[in-house]
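This report refers to the structure that appears directly beneath it.
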Protein chains: 2
Amino acid sequence: MLDQDEQSLHSRFTDFEKFCRKKGLKMTHQRLEIYRELLTSKDHPTVEALFLRVRKRIPTISLDTVYRTLALLEEAGMTNRIQTSEGLTRFESDYGAHHHLICKKCQTIEDFTWKSFDTMLLPPELEAWGAIQTRNIVAEGICTACLKKEKKH
Amino acid sequence: MLDQDEQSLHSRFTDFEKFCRKKGLKMTHQRLEIYRELLTSKDHPTVEALFLRVRKRIPTISLDTVYRTLALLEEAGMTNRIQTSEGLTRFESDYGAHHHLICKKCQTIEDFTWKSFDTMLLPPELEAWGAIQTRNIVAEGICTACLKKEKKH
DNA sequence: ATAAGTGCAAACCGTTTGCAGCAGT
DNA sequence: ACTGCTGCAAACGGTTTGCACTTAT
């Protein structure tokens, strides 16, 4: 399990290098650290949160660079943008099909997988719409932590 | 079919009135027109789009009022806010469980229903997360109209 | 050496807010 | 008449952009 993660983490870094080379983009300290931070963040950080975390390692980094790098990564399909109902933009590293659980109280996002859904046939009527590429579930409710807080009051 | 729509349209207006009364809110010309526009709009309009449409009937209406009224309707559960990946906020009148098809090219949103999914049991692991209240699918791809345009070029 | 990337500050744009006059109850 | 709603204009906050300097190739 851990080995697999290490493996894929490493391959993701080389993918990033390859991508940059191919596009003639420079491999900078800032880009690498932003990408690293995104890969190792399991919560779905906002731009601000990523900025603050990366700044611990590169104190002179600017918020602008984080924005620009995220745009780059998004374009390359290496990160996904998630728009929460609050209008906050969050990011996650792209690691295959998964779905989201969002707590309406504390706004945290958790991932879950559901293989049988991913391979399930969509209603046939949808074929007329066009070419569907992705399907994601967004499930909303109240997480256990928030449920407990509610009971206490 | 039409009768049913008319019926529900009417009941939705009375619901709106009831809600306002209960909350001690005033039933104004502006609110009624914004609500009507939202109910009859089948595309998922942005605030701007709603504003422009309502302005045809109430030329002096301000964008602010549209924002305030939408917040009100949202609070009452009479409309849903949809955050697109472009960061645009769109609205739809709340009319029961449905899902979204989003075209990555033209950004239009279409609804679809999938009853068997709605009643399907979620993976049992999710129960530990908390109390799930809603589940929505967002399917993305390219709509037929955009596919045709691509072929032409 | 060269072209791209960075940090800074200013611009931008959708959204929210304070206020004085207006309208529904 | 009273209270809340509206329109205006100004403020706000997240994001983008222009520019001169710095850095990877």
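Lettering of chains follows the sequences in order, A, B, ..., and the numbering in each one begins at 1. As a basis for the values below, the full set of heavy atoms in this structure was taken, side chains included, without hydrogen atoms, waters or symmetry mates.
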Electrostatic pair [X]-[Y], nearest N-O below 4.0 angstrom:
X         : Y         : answer
Glu140(A) : Arg135(B) : no
Glu75(A)  : Lys23(A)  : yes
Asp15(A)  : Arg21(A)  : no

**OP:** Could you list by number each residue of residues 30-40 of chain B showing a heavy-atom separation from DNA chain D of less than 4.0 Å, or answer none if no residue does?
**Re:** Gln30(B), Arg31(B)
**OP:** Choose from dG7(C), dG24(C), dA24(D) the nucleotide whose nearest atom is closest to any side-chain atom of Thr60(A).
**Re:** dG7(C)
How many whole angstroms separate atom [atom1] of [X] from atom [atom2] of [N]?
X        : N       : atom1 : atom2 : value
Gln83(B) : dG14(D) : CD    : C1'   : 13 Å
Glu74(A) : dT16(D) : CD    : C1'   : 14 Å
Ile58(A) : dT6(C)  : CD1   : P     : 9 Å
Asp64(B) : dA20(C) : CG    : P     : 17 Å
Ile82(A) : dG14(D) : CD1   : P     : 18 Å
Tyr67(A) : dC12(C) : OH    : P     : 18 Å
Phe16(B) : dG24(C) : CZ    : C1'   : 14 Å
Lys26(A) : dG5(C)  : NZ    : C1'   : 7 Å

Subject >> Which atom of Phe51(B) lies closest to which atom of Ile61(B), heavy atoms considered >> reply: CE1-O, 3.4 Å
Subject >> Heavy-atom pair of closest approach, residues Asp118(B) and Ala97(B) >> reply: OD2-CB, 3.8 Å
**OP:** For the pair Glu150(B) and Lys105(B), evaluate salt bridge (Lys or Arg N to Asp or Glu O under 4.0 Å) and give the outcome as yes or no after the intermediate values.
**Re:** CA-CA 10 Å; Glu150(B) 277 185 2; Lys105(B) 290 279 173 203; 3.4 Å; yes
Original post:
Between Leu63(B) and Gly24(B), which has a closest nucleotide on DNA chain D that is more 5'?
Top reply: Gly24(B)
Original post:
Counting only side-chain N and O atoms of Thr89(B), is one of them less than 4.0 Å from OP1 or OP2 of dG14(C)?
Top reply: no
Original post:
Counting just side-chain N and O atoms, does Thr65(B) come under 4.0 Å of either OP1 or OP2 of dC5(D)?
Top reply: no
**OP:** Describe, in one word, how the ring planes of Phe117(A) and His99(A) are oriented to each other, choosing from parallel (under 30°), tilted (30 to 60°) and perpendicular (over 60°).
**Re:** perpendicular
**OP:** For Ile61(A), answer base if it contacts any base atom (sugar-phosphate contacts may also be present), sugar-phosphate if it contacts only those atoms, and nothing otherwise; contact means non-hydrogen atoms under 4.0 Å.
**Re:** sugar-phosphate
**OP:** Using a 4.0 Å heavy-atom cut-off across all strands, classify Leu25(A) as base, sugar-phosphate, or nothing.
**Re:** sugar-phosphate
**OP:** Assign each of His29(B) and Glu48(B) to its nearest nucleotide of DNA chain C by heavy atoms, then name whichever residue's nucleotide is nearer the 5' end.
**Re:** Glu48(B)
**OP:** For Met27(B) and for Val47(B), find the nucleotide of DNA chain C with the closest heavy atom, then tell me which residue's nucleotide is more 5'.
**Re:** Val47(B)
Original post:
What residues, two or more places apart in sequence or in another chain, satisfy ring-ring contact (aromatic ring centres under 6.0 Å, His included) together with His98(B)?
Top reply: Tyr95(B), His100(B)
**OP:** To the nearest 0.5 angstrom, please state how far the NE2 atom of His44(A) sits from the OG1 atom of Thr89(A).
**Re:** 14.0 Å
Subject >> The single option from Thr69(B), Leu63(B), Leu70(B) passing side chain to side chain contact (heavy atoms under 4.5 Å, CB included) against Leu50(B) >> reply: Leu70(B)
All N/O pairs under 3.5 Å across the protein-nucleotides 19-21 of chain D interface:
none

